[in-house]
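We count ligands from 1, going down the list as the structure has it; atoms in each ligand are counted the same way. Residue indices begin at 1 and follow the sequence shown.
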Amino acid sequence: MNYLEIKTHNDLDKLKLYLAKNQYDEQENTVRKIIKDIREKKDEALFEYCHKFDNFKANKDNINVSNTEFEQALSQVTLEQKETILYAKEKIENFHRAFLPKSCIIEQNGAILGTRVTSVKKAGLYIPGGKAFYPSTALMTIIPAYVAGVDEIYICTPAQNSYINPLLLYIAKLYNIENVFKVGGAQAIAALAYGTQSIPKVDVIAGPGNIYVAFAKKLVYGDVGIDSVAGPSEVMVVSDNCEKLYAAYDLLSQAEHDANAKVYYVGFNKECINKISDKFFELAKTAKRSEITLKSSQNALFIQTTRELAGQIIDEIAPEHLELQLNDPYSFMNSFKNAGAIFIGEYSCETLGDYVAGPNHTLPTSQTARFSSVLSTETFLKKSSIIHYTHKALQQDAPYAIKFAEYEGLFAHAEALKVRL
Ligand SMILES: NC(=O)c1ccc[n+]([C@@H]2O[C@H](COP(=O)([O-])OP(=O)(O)OC[C@H]3O[C@@H](n4cnc5c(N)ncnc54)[C@H](O)[C@@H]3O)[C@@H](O)[C@H]2O)c1
Ligand SMILES: [Zn+2]
């Protein structure tokens with residue numbers, strides 16, 4: 001078991017050292033090669049990788065889910081499944097609508113100044129599907145793109161042996177999305193970033209994935225927009241009591257996603273740490289997905305610290321999901337800034353956020369919550385400035401702008417104003 005005792009400010013170095021050990025050079029090299037191949041050989045490389053990684057013999061005619069496949073899938077979806085999806089859909093839509101940024105203008109010294117919010121034209125959504133199926137991610141990626149008003153939405157998801165989860169296709173159909181490509185991993189991200197004969201180049205790629213997907217998004221960023229580096233799941237539970245052992249269950253709920261998932265428990269006394277870790281490892285051994293949890297549980301880190309230092313530990317790790325099972329969580333929240341999503345109180349377990357609470361479950365991982373945000377409508381929006389002067393407003397501001405232009409030696413800038421005065 002990985003265990004750190006952080007009792008003084010200097011002890012934080014132990015944590016920094018621990019976090020710096022996480023290196024994935026091999027996977028990064030693999031991803032670089034995949035991106036290069038897709039850029040150079042396009043569909044040819046894409047089809048090869050579909051075969052290699054997902055055992056799907058892709059070609060230009062079967063890479064896109066056909067109408068027949070849609071119909072077959074839709075006929076398999078039960079009434080109960082539809083009701084469950086529609087329940088979550090409504091809650092997620094309401095949340096994303098409520099936080100939709102709007103264009104706005106102000107008037108300053110007679111000039112009209114504003115921000116015009118427009119959506120991107122084309123979005124590529126990645127819905128993972130290697131070790132589990134994620135229809136919930138279909139809702140979590142499609143809804144913000146749809147609410148933002150994206151013109152064209154394309155989906156990529158791995159199709160092992162050509163199979164795609166029917167619930168995912170049901171959700172795509174709810175939003176009239178016809179372009180669902182059976183492509184996963186880094187090759188899907190590269191195809192959406194640079195375009196191939198079969199897959200169009202998009203403006204923004206959003207959606208979570210495993211380490212290959214996360215690296216690929218990081219590497220194509222700049223040529224295309226991304227939501228965040230939303231890689232293998234992470235959870236940190238900070239608790240000041242352990243009577244109910246909830247923390248152990250919550251750690252396991254993230255450990256079952258991926259062998260590379262990371263779970264952290266931060267406690268203030270050794271008894272709690274022992275109790276939670278014992279239960280966690282017991283659950284990891286007997287879990288239904290034990291072939292994954294036996295590996296990911298090896299990444300679990302248990303930290304004993306003080307309440308005063310806990311905030312700094314959170315800021316260092318910047319966990320994707322943070323659960324605060326504390327007596328006074330709201331005052332504790334002043335002690336840190338970095339976390340993808342914050343779950344407050346013992347009843348707000350992370351599973352609710354994954355499926356039905358409403359906020360997005362696609363979140364920054366591997367310490368990127370220091371500067372990245374949860375996936376939202378903003379991922380698919382951009383802001384342009386609006387600047388509109390009348391002659392009177394120009395007369396007021398021009399003398400100052402002319403002086404600035406002269407300080408910078410940019411005399412043509414000054415002239416452009418002078419001719420208008
Ligand atoms: N951060 C978030 O918001 C969030 C949300 C949900 C899920 N997740 C994460 O999404 C991930 C889903 O992972 P998954 O594996 O089930 O599905 P996935 O779709 O992300 O990955 C499957 C793809 O990985 C590629 N791949 C697999 N092995 C490879 C190899 N050896 N070399 C190159 N490429 C390879 C293949 O192309 C395959 O199609 C998990 O890590 C989970 O924790 C994250
Ligand atoms: Zn989860």
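- The 12-atom threshold is exceeded at CD of Gln81, counting heavy atoms of other residues, nucleotides or ligands nearer than 6.0 Å.
- Contact of the Tyr194 side chain with the Val220 side chain is registered, since non-hydrogen atoms from C-beta on lie closer than 4.5 Å.
- Between Asp37 and Leu46 there is no side-chain heavy-atom pair separated by less than 4.5 Å.
- Only side-chain heavy atoms of Glu320 come within less than 4.0 Å of ligand 1; its backbone N, CA, C and O stay farther off.
- At least one heavy atom of Gly231 sits closer than 4.0 Å to an atom of ligand 1.
- Near Val213, meaning under 4.0 Å from any of its heavy atoms, are these atoms of ligand 1: 20 (O).
- For atom 32 (N) of ligand 1, the closest non-hydrogen atom of the protein is Phe53 CE2, 3.2 Å.
- In summary, the atoms of ligand 1 found under 4.0 Å from a heavy atom of Pro208, numbered by their order in the structure, are 2 (C), 3 (O), 4 (C), 5 (C), 6 (C), 8 (N), 44 (C).
- With a 6.0 Å radius and a threshold of 12 heavy atoms from other residues, nucleotides or ligands, Lys42 has its NZ atom above the threshold.
- Of the protein's non-hydrogen atoms, Asn210 N, 2.7 Å is the one closest to atom 20 (O) of ligand 1.
- Between Val120 and Asp151, the closest heavy-atom pair is O-OD1, 3.6 Å.
- Note on Asp354: counted as a metal contact of the Zn ion (ligand 2), an N/O/S atom lying under 2.8 Å.
- Looking only at protein heavy atoms, the nearest one to atom 29 (C) of ligand 1 is Tyr212 CE1, 3.4 Å.
- When only non-hydrogen protein atoms are considered, atom 37 (O) of ligand 1 lies nearest to Gln187 NE2, 3.0 Å.
- In this structure, the protein non-hydrogen atom closest to atom 18 (P) of ligand 1 is Tyr126 OH, 3.5 Å.
- Taking every heavy atom of Ser233 and a limit of under 4.0 angstrom, the matching atoms of ligand 1 come to 8 (N), 9 (C), 42 (C), 43 (O), 44 (C).
- With hydrogens left out, the protein atom closest to atom 16 (O) of ligand 1 is Lys131 N, 2.6 Å, a heavy atom.
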**Request:** Using the side chain to side chain contact (heavy atoms under 4.5 Å, CB included) rule, take Thr115 and Ile386 through it: C-alpha gap first, then chi angles, then the decisive distance, then the call.
**Result:** CA-CA 6 Å; Thr115 299; Ile386 304 279; over 6 Å; no
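- For the pair Tyr49 and ligand 1, no heavy-atom separation below 4.0 Å is found.
- Residue contacts to the Zn ion (ligand 2): His257 brings an N, O or S atom closer than 2.8 Å.
- Environment of NZ in Lys89: crowded, with over 12 heavy atoms of neighbouring residues, nucleotides or ligands closer than 6.0 Å.
- Between Met333 and Ile344 there is a side-chain heavy-atom pair separated by less than 4.5 Å.
- Here is the list of ligand 1 atoms found below 4.0 Å of a heavy atom in Thr365: 1 (N).
- The residue among Asp54, Asn360, Ile189, Thr362 with a heavy atom at the shortest distance from atom 38 (C) of ligand 1 is Asp54.
- Heavy-atom contacts from other residues, nucleotides or ligands closer than 6.0 Å to OH of Tyr3 number more than 12.
- Under 2.8 Å from the Zn ion (ligand 2) lies no N/O/S atom of Ser253, from backbone or side chain alike.
- Ranking the protein heavy atoms by distance from atom 7 (C) of ligand 1 puts Tyr134 CE2, 3.8 Å first.
- At a heavy-atom cutoff of 4.0 Å, ligand 1 is contacted by both the backbone and the side chain of Ala230.
- Around NZ of Lys82, the count of heavy atoms belonging to other residues, nucleotides or ligands within 6.0 Å exceeds 12.
- Of the options Pro128, Gly185, Gly209, the smallest heavy-atom separation from atom 9 (C) of ligand 1 is shown by Gly209.
- Within 6.0 Å of CZ on Phe281 lie more than 12 heavy atoms contributed by other residues, nucleotides or ligands.
- For the atom pair Asn64 CG and Ser198 OG, the distance stands at 8.5 Å (nearest 0.5 Å).
- The number of heavy-atom neighbours closer than 6.0 Å to CD of Gln76, taken from other residues, nucleotides and ligands shown, is above 12.
- Which parts of ligand 1 touch Ala132 is read off a 4.0 Å heavy-atom cut-off, strictly below it: atoms 16 (O).
- Close approach to Leu363 involves these atoms of ligand 1, each under 4.0 Å from a residue heavy atom: 1 (N), 2 (C), 3 (O).
- Here is the list of ligand 1 atoms found below 4.0 Å of a heavy atom in Gly184: 37 (O), 39 (O).
- Ranking the protein heavy atoms by distance from atom 17 (O) of ligand 1 puts Gly130 N, 2.9 Å first.
- Each of the atoms 40 (C), 41 (O) of ligand 1 lies under 4.0 Å from some heavy atom of Asp258.
- Salt bridge absent: Lys121 and Glu152 never bring a charged side-chain N and a carboxylate O closer than 4.0 Å.
- The shortest side-chain heavy-atom distance between Leu4 and Phe302 does not fall under the 4.5 Å cut-off.
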